[in-house]
Structure formats: structure tokens, C-alpha cells
Student: 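The structure's right below; bear with me while I get my questions together.
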Amino acid sequence: MRTDFETLKTLASYSINNLKENKVIEFDIDHREALIDAMATEYGVSFATDEDVRDQAIEEVEEKMGDMVPEDITESEMFNHARKEIIKSFNGENIGGLYLVESLHQIATRMSAFLLNCDLIDDVFGTDEDIHAFLVKKIRNFSPKKN
């Protein structure tokens with residue numbers, strides 16, 4: 001399965017559902033879609049999608065080849081090599097096909113701060129440590145196929 005911004009939105013929806021069901025956050029249901037988009041955008045800082053990797057690999061090939069870029073750039077050996085190197089830079093760490101740009105601990109810290117500062121969320125319940133641990137557990141178990 002190829003990942004893109006929709007995968008980040010699925011992760012955001014999954015996170016919001018779990019946070020709401022476990023009474024960690026309260027928000028106006030009318031703001032749900034906006035909250036999903038905002039959270040997915042924030043997750044986008046922490047995760048790279050297949051689409052991001054592809055775009056970065058194309059950019060690297062274009063930098064190296066200049067005006068001599070082949071039409072079928074994504075079929076080139078140079079593109080495949082660049083793509084593999086980019087993926088290797090993530091140390092093979094991924095969750096649900098999303099590559100971790102930051103550690104899971106850093107992601108949970110980032111998302112905890114997002115929850116506390118997001119204008120779309122009315123209230124957040126629990127200690128910082130509890131919210132952090134909850135996010136680590138839920139993010140670790142994310143699978144776009146199941147969610």
C-alpha cells in the first residue's frame with residue numbers, strides 16, 4: 001500500500017477517535033474534519049509518506065542530471081537508488097507504511113503539545129505523561145488497513 005496525505009488523515013482520524021473514546025479530549029463535533037486536517041498536517045512533520053519519498057528522490061535525480069532528466073524518471077536506476085537511500089535514512093522505521101522522521105517519543109511529545117494548543121479542541125484531560133504514553137501506544141498500533 002502506498003502512503004500519502006490521506007494516510008496521515010487516516011492516522012489523525014484514528015488518533016482522534018481513540019482520544020475521544022478514552023475521554024482524553026473534548027471537541028465540537030462540527031470541527032471534526034478541520035481537526036483531522038490540522039492533526040494530519042502536524043503528523044506530516046513527523047512522518048514521511050511514500051509520496052514524500054518519491055518527490056524527494058525525483059528532486060535528487062533532477063539536481064544530479066540537470067537538463068538530461070529522462071521522461072520516465074521513476075523507472076530510472078538513479079531514481080531507485082535515491083529512493084532506497086532516502087528510505088535507508090529512516091533506519092527502516094515505519095508505522096503503517098509511514099516513515100518516522102522523528103522518534104516515536106518525539107512524535108508523541110509533538111502531538112501532546114498539538115492537543116494542548118489546538119483551538120479546535122475544547123479540553124484535554126490527563127497528565128502530560130499519561131497523554132504521551134497513550135499516544136505512543138496508539139500510534140505504535142496504527143495500521144491503515146485496519147483503521
Side-chain angles (χ1 to χ4, degrees), residues 1-63 69 71-76 78-147:
M1 176 184 161
R2 303 209 46 86
T3 56
D4 56 14
F5 189 72
E6 287 302 312
T7 312
L8 292 171
K9 285 178 71 170
T10 302
L11 173 59
S13 178
Y14 162 80
S15 299
I16 290 166
N17 290 345
N18 278 285
L19 289 162
K20 180 85 169 146
E21 287 169 13
N22 288 278
K23 299 180 179 13
V24 177
I25 62 171
E26 285 294 327
F27 61 91
D28 184 338
I29 198 70
D30 293 338
H31 298 143
R32 181 171 166 55
E33 286 303 314
L35 181 56
I36 289 170
D37 285 342
M39 185 177 268
T41 300
E42 189 69 24
Y43 271 135
V45 175
S46 303
F47 291 101
T49 65
D50 288 327
E51 194 173 80
D52 296 330
V53 170
R54 178 187 165 279
D55 292 347
Q56 189 177 344
I58 288 172
E59 195 174 292
E60 285 185 22
V61 171
E62 288 174 342
E63 277 181 22
V69 176
E71 255 184 61
D72 58 347
I73 192 169
T74 58
E75 301 297 319
S76 71
M78 189 177 276
F79 169 82
N80 288 328
H81 176 72
R83 187 178 169 285
K84 286 178 185 171
E85 288 300 312
I86 293 164
I87 290 171
K88 195 187 308 180
S89 73
F90 299 120
N91 298 319
E93 291 186 78
N94 78 68
I95 293 175
L98 298 166
Y99 303 98
L100 277 72
V101 174
E102 302 175 320
S103 71
L104 188 53
H105 171 77
Q106 290 168 314
I107 295 168
T109 299
R110 173 183 297 285
M111 297 316 294
S112 294
F114 170 83
L115 295 174
L116 293 169
N117 297 313
C118 182
D119 292 338
L120 299 168
I121 296 175
D122 297 329
D123 219 340
V124 180
F125 305 97
T127 66
D128 290 351
E129 295 80 19
D130 290 343
I131 296 167
H132 186 275
F134 182 84
L135 287 168
V136 167
K137 181 181 175 188
K138 291 302 174 184
I139 294 168
R140 182 178 283 136
N141 291 325
F142 172 70
S143 171
K145 292 175 184 170
K146 287 192 269 183
N147 308 114

Student: Atom CG of Asp122 and atom CG of Asp28: how far apart are they, to the nearest 0.5 Å?
Tutor: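 Answer rounded to 0.5 Å: 6.5 Å.
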
Student: Tell me if a side-chain donor or acceptor on Ser13 pairs with a main-chain N or O of Thr10 at a distance below 3.5 Å.
Tutor: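 No, the answer is negative, given that no donor and acceptor are paired below the 3.5 Å cut-off.
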
Student: Can you name the closest pair of heavy atoms from Ala108 and Leu135 and give their distance?
Tutor: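 Taking every non-hydrogen atom into account, O-CD1, 3.7 Å.
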
Student: Can you tell me how far NZ of Lys84 sits from CD1 of Ile86, rounded to the nearest 0.5 angstrom?
Tutor: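 Output value for this atom pair is 12.5 Å.
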
Student: Side chain of Asp4, backbone of Glu6: donor and acceptor closer than 3.5 Å?
Tutor: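 Yes, Asp4 side chain to Glu6 backbone: donor-acceptor pair under 3.5 Å.
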
Student: Kindly give the heavy-atom pair with the smallest separation between Thr3 and Leu98, and that separation in Å.
Tutor: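 Of all heavy-atom pairs spanning Thr3 and Leu98, the closest is CB-CD2, 3.9 Å.
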
Student: Are the side chains of Ile95 and Ile107 in touch, meaning some heavy atoms are under 4.5 Å apart?
Tutor: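 Not touching, per the 4.5 Å side-chain cut-off.
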
Student: Assess whether atom CG of Asp119 is packed by more than 12 heavy atoms of other residues, nucleotides or ligands within 6.0 Å.
Tutor: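 At most 12 heavy atoms, drawn from other residues, nucleotides or ligands, come within 6.0 Å of this atom.
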
Student: Evaluate side-chain contact (heavy atoms from CB on, under 4.5 Å) for Arg54 paired with Asp50, printing each intermediate quantity in order.
Tutor: CA-CA 6 Å; Arg54 178 187 165 279; Asp50 288 327; over 6 Å; no

Student: Yes or no on side-chain contact (heavy atoms from CB on, under 4.5 Å) for Phe90 and Val101, after CA distance, side-chain angles and deciding distance?
Tutor: CA-CA 7 Å; Phe90 299 120; Val101 174; 3.9 Å; yes

Student: Tyr14 side chain to Lys138 main-chain N or O, any donor-acceptor pair under 3.5 Å?
Tutor: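 Present.
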
Student: Measuring from Asp37:CG to Leu8:CG, what's the distance to the nearest 0.5 Å?
Tutor: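 The distance works out to 11.0 Å.
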
Student: Taking side-chain contact (heavy atoms from CB on, under 4.5 Å) as the test, write out the residues that go with Asp72, two or more places apart.
Tutor: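 Scan of Asp72 (side-chain contact (heavy atoms from CB on, under 4.5 Å), adjacent residues dropped) gives Pro70, Glu75.
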
Student: Count the heavy atoms of every other residue, nucleotide or ligand shown that sit under 6.0 Å from CZ of Arg32, and state whether that count exceeds 12.
Tutor: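 Above 12, so yes.
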
Student: Could you pull out all residues at least two apart from Glu102 that satisfy salt bridge (charged side-chain N to carboxylate O under 4.0 Å, His left out)?
Tutor: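 Glu102 satisfies salt bridge (charged side-chain N to carboxylate O under 4.0 Å, His left out) with Arg110 only.
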
Student: Sort and list the pairs that fulfil ring-ring contact (aromatic ring centres under 6.0 Å, His included) and have at least one residue in residues 42-61, not counting sequence neighbours.
Tutor: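 Sorted pair list: Tyr43-Phe47.
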
Student: Got a sec, which residues hit salt bridge (charged side-chain N to carboxylate O under 4.0 Å, His left out) with Lys20, two or more places apart in sequence or on another chain?
Tutor: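 Testing Lys20 for salt bridge (charged side-chain N to carboxylate O under 4.0 Å, His left out), a comparison that skips the adjacent residues, returns Glu26.
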
Student: Enumerate the ring-ring contact (aromatic ring centres under 6.0 Å, His included) contacts for residues 102-129, please, sequence neighbours excluded, ordered by first and then second residue.
Tutor: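 Only His105-His132 qualify under ring-ring contact (aromatic ring centres under 6.0 Å, His included).
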
Student: How long is the straight-line distance from CG of Leu11 back to CE of Met111, given to the nearest 0.5 Å?
Tutor: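 Reported to 0.5 Å precision, the distance equals 7.5 Å.
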
Student: Identify, with sequence neighbours excluded, every residue that meets side-chain contact (heavy atoms from CB on, under 4.5 Å) alongside Glu85.
Tutor: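 With sequence neighbours excluded, Glu85 shows a side-chain contact (heavy atoms from CB on, under 4.5 Å) to His81, Lys88, given in chain and number order.
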
Student: Atom CG in Leu120, atom NE2 in His31: separation rounded to 0.5 Å?
Tutor: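 Reported to 0.5 Å precision, the distance equals 6.5 Å.
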
Student: What are the two closest heavy atoms between Met39 and Leu115, and how far apart are they?
Tutor: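 Answer, listing the atom of Met39 first, then Leu115: CE-CD2, 3.7 Å.
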
Student: Side chains of Arg83 and Ile87, heavy atoms from C-beta outward: is any pair under 4.5 Å?
Tutor: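 They are in side-chain contact.
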
Student: How many angstroms lie between OH in Tyr99 and OG in Ser89, if you round to the nearest 0.5 Å?
Tutor: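 Atom-to-atom, Tyr99:OH and Ser89:OG are 10.5 Å apart.
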
Student: What are the two closest non-hydrogen atoms of Arg2 and Thr7, and how far apart are they?
Tutor: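 Where Arg2 meets Thr7 most closely, the heavy atoms are O-OG1, 4.2 Å.
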
Student: Any idea which heavy atoms bring Lys9 and Ile36 closest together, and the distance?
Tutor: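 In terms of heavy atoms, the two residues are closest at O-CG2, 3.7 Å.
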
Student: Determine the minimum heavy-atom distance between Gly126 and Ile131, stating which atoms define it.
Tutor: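 Distance-wise, the nearest heavy atoms are O-CD1, 3.7 Å.
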
